[in-house]
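Read the structure below first, then the notes.
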Amino acid sequence: MTRSSESERSIGLLGATSIGVGAIVGGGILALAGAAFAVTGPSAVVAFTLNGLIALLTALSFAELSAAFPQSGGTYTFAKKVLSVEAAFAVGWVVWFASIAAGALYALGFGYFAATALAPCWQQFTGQSPAYLTGPTAVTLIGLAAVGFYTLRLTLKTGGGAGHWENVGKLAVFAILIASGLWALTGRAPSSIQSSLTPFFSSGAFGLLQAMGFTFIALQGFDLIAAAGGEIRDPTRNIPRSMFLSLLIALAIYIPLLLVISTAGVEPGSSIVAASKENPEGIVAVAAKHFMGPFGYWLVVAAAILSMLSALRANLYAASRVAAAMARDRTMPHALSVLHPQRHTPVTAVLVTSAVVATMVVAIPNVAAAGAASSLIFLVTFALAHWIAILARRRSPGRPPPFRTPWFPLVPVAGTVACFALAAYQGVMVPSAGFITSVWLGLGGLLFLGLFARPARVMDASTEALDPDVIRLRGRSPLVLVPVANPHNVEAMVTVADALAPPQVGRVLVLSVAVPPKDWQPGKTLLPLRHTQMILGDTMNVSVRAGALSTVATNPWQEIRRIAREHRCESILVGLSDFRQNATSTPLAELLASAPCDIVVLRASPGWQLSQVQKILVPVGGRGWHDQLRARLLGSLLRTGQREITFLRVLSESTPQQVYTRAIRELARVARDEASGHSRVEVVKNDDPGRVIVDHAATSDMVVLGVQRLGPRRKAFGHIAMRIAQETTCPILMISHRG
């Protein structure tokens with residue numbers, strides 16, 4: 001989120017920690033402890049501890065990135081800042097799916113445990129225990145009810161409802177379980193305890209690695225704090241602290257609980273491995289029953305219910321914030337980014353996310369495979385977050401982040417290797433996880449190319465122009481080539497080029513091409529270069545950022561193309577003092593048709609200055625040829641001064657009212673995306689669009705027009721553009737996108 005659009009920061013340290021604790025503590029260990037014990041025995045404690053260390057390494061990178069970019073969206077936002085809009089969409093798309101899949105799992109988990117608790121209560125009061133109470137339909141309906149309940153809470157409460165009561169309840173239950181288990185151990189002989197822990201590594205190192213692969217997802221959840229970063233107060237302090245607190249709380253519960261289960265939870269002479277293989281899903285409840293009696297069993301059921309609820313809420317909350325962040329960047333439909341005017345909650349994003357979760361609960365039979373895909377996705381995105389942290393630090397020399405990862409880059413490198421290794425293991429052990437992830441990515445790619453690519457790239461171009469730090473973080477250094485033939489135009493041209501090339505990251509190269517006389521003989525006669533020297537000298541006086549290059553060529557236009565290609569220029573800025581005389585010339589038309597970059601043509605009178613421009617007119621034809629370049633240009637102009645931008649569209653007088661209304665709505669979206677709120681729109685019905693534009697240009701300080709590239713044998717400028725040039729005196733910027 002940007003500061004102007006993000007939700008009110010209403011979540012403090014306790015609320016942020018509650019998000020992490022709600023997602024991490026409970027559901028994972030209750031579901032996965034049995035699987036870990038079955039493959040590695042009592043050393044499951046070591047597996048969880050090692051996973052905890054990997055999670056802490058990952059949290060360090062997340063903390064640094066979240067403190068540096070305290071906006072909602074988590075890994076999606078990090079990818080958007082440091083990589084590209086396409087990479088960000090891929091990351092956000094799969095992270096959104098991973099949280100949705102996790103939410104569906106927790107909804108069904110809640111349905112199962114709630115039905116387990118409901119059946120004996122029903123029997124107690126009615127004397128009957130119908131089978132349907134614990135059947136699949138009942139579990140699904142109870143899970144859907146939980147989804148509906150939290151959907152309502154997330155839409156009505158600022159900050160989404162912290163979920164404190166679920167967290168407090170389950171933490172209290174786990175504390176009772178651990179304390180009771182430790183008390184039970186005081187009555188057992190040390191030799192008996194030692195016997196329960198032998199053999200400690202029941203399947204050796206391979207079994208330990210298997211257990212780590214199964215159980216890492218149990219520590220996922222601290223990343224959801226980053227997904228809500230835009231709503232957390234004092235984010236540079238509270239986000240890192242809440243991540244580490246939530247992980248430490250989880251480990252403080254998991255490690256002693258696993259020790260208690262593997263010792264006090266088994267009878268003397270029995271094996272935790274055998275018990276876990278017999279009942280992997282219910283091993284925690286069975287173990288609690290051994291040292292607490294039936295009360296312990298129901299205590300675990302209560303903990304499971306609270307854990308599933310808090311994890312469901314946390315994943316719904318995080319997924320909706322990821323969707324809202326993507327929608328703000330137009331990588332998802334814009335409606336998902338709209339906030340409630342009073343509660344500042346993304347209501348539509350919450351409703352759509354919850355609807356997808358509910359659909360998955362009802363329609364997908366193998367939700368376990370979706371859960372495995374969720375685990376795989378989180379591991380890959382964690383590895384990606386480490387890599388992004390390395391890139392962000394290296395591309396920001398002299399700008400230390402608010403929170404610095406210690407032992408850099410050793411920590412993120414180690415975290416990358418560990419997360420990728422576990423992800424590879426997950427992909428091998430559960431092939432369906434990789435298949436589901438690939439299918440989801442393929443679907444997302446089709447949607448992006450078909451629906452989101454154009455608006456997302458336009459919004460991204462505007463973001464880069466308004467915030468040059470994004471360009472720096474992406475490792476780009478755009479170069480604007482400025483061919484100058486008239487020394488009197490140098491100042492105006494370089495000033496515009498400086499606006500197009502963001503400070504500290506962009507570069508300007510002024511090119512002067514000397515045309516030799518026909519009788520010039522290289523090496524024998526001197527070439528008159530006074531004209532070129534004047535241009536280069538004026539360049540140095542105007543801008544300390546601009547570089548200068550002088551070449552000799554018989555065809556200046558071909559030389560411009562060659563230099564642009566050789567230096568990999570992002571754009572060329574061409575100046576024409578007399579647009580009407582030169583605009584239709586063959587060399588300029590050929591440049592527009594064949595240049596390997598964007599082209600901007602400036603028509604301005606001598607002595608004109610960019611600082612004089614306050615009102616900018618942008619006629620829009622609705623075809624979108626130049627949206628991306630225009631957004632970059634307008635963003636650059638807005639970055640360098642306060643401007644009023646008017647987007648104008650002219651429709652025929654016979655246009656139906658419905659089409660006219662839709663045109664106003666579409667033009668407002670264009671203005672919002674390209675001019676960041678510093679604009680107004682006007683749609684006029686008139687059969688003479690040239691006259692309307694000329695009349696509006698009379699009260700403007702600059703006109704920005706798009707020029708379509710039609711090929712070397714077609715006219716470079718249409719009749720409307722030529723009419724505007726002939727009948728107006730205000731400066732004109734003609735833009736031509738390379739695509």
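What you see is a predicted model, and the numbers here were worked out from it, not measured in a lab.
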What I want to check is whether the side chains of R188 and T263 have a donor and an acceptor closer together than 3.5 Å.
no

Looking at side-chain heavy atoms only, is the closest gap between W96 and I100 below 4.5 Å?
yes

If only atom types and distance count, is the side chain of S43 paired as donor or acceptor with the main-chain N or O of F200 below 3.5 Å?
yes

Are any of the side-chain heavy atoms of S354 and V147 separated by less than 4.5 Å?
yes

Report the C-alpha separation of L177 and V300 in whole Å, then their side-chain angles, then the decisive distance to 0.1 Å, and conclude whether the side-chain contact (heavy atoms from CB on, under 4.5 Å) test is met.
CA-CA 8 Å; L177 286 172; V300 171; 3.8 Å; yes

Donor-acceptor under 3.5 Å (T40 side chain, A36 main chain)
no

When you measure from the side chain of K170 to the backbone of G22, do you find a donor-acceptor pair of N or O atoms at a distance under 3.5 Å?
yes

Enumerate the residue pairs fulfilling side-chain hydrogen bond (donor to acceptor under 3.5 Å, both in side chains) with a member in residues 214-225, sequence neighbours excluded, ordered by first and then second residue.
N51-T215, Q220-D223

Min side-chain heavy-atom separation T58-C419 under 4.5 Å:
yes

So, the side chain of T345 versus the backbone of T155: is there a donor-acceptor pair under 3.5 Å, distance only?
yes

Any non-hydrogen side-chain atom of D329 less than 4.5 Å from a side-chain atom of Y76?
yes

Is there a side-chain contact between V139 and L108 in this structure, where contact means two heavy atoms from C-beta onward sitting under 4.5 Å apart?
yes

T140 side chain to V362 backbone, donor-acceptor under 3.5 Å
no

Donor-acceptor contact below 3.5 Å, side chain S320 vs main chain V350
no

Taking everything shown except F244 itself, do over 12 heavy atoms lie less than 6.0 Å from its CZ?
yes

Within the side chain of W93, is there an N or O that forms a donor-acceptor pair under 3.5 Å with the backbone of G445?
no

Does the side chain of L251 reach to within under 4.5 Å of the side chain of T49, using non-hydrogen atoms?
no

Side-chain donor/acceptor of R321 to backbone N/O of G73, under 3.5 Å:
no

Could you tell me whether the side chain of T17 and the main chain of S246 form a donor-acceptor pair under 3.5 Å?
no

Can you tell if the side chain of M360 reaches within under 4.5 Å of the side chain of F97, non-hydrogen atoms only?
yes

Short question: side chain of T186, backbone of W183 - any donor-acceptor pair under 3.5 Å?
yes

A quick test of your reading: do over 12 heavy atoms of other residues, nucleotides or ligands sit less than 6.0 Å from CZ of F201?
yes

Among residues at least two apart in sequence or on other chains, which ones pass ring-ring contact (aromatic ring centres under 6.0 Å, His included) with F382?
F62, F222

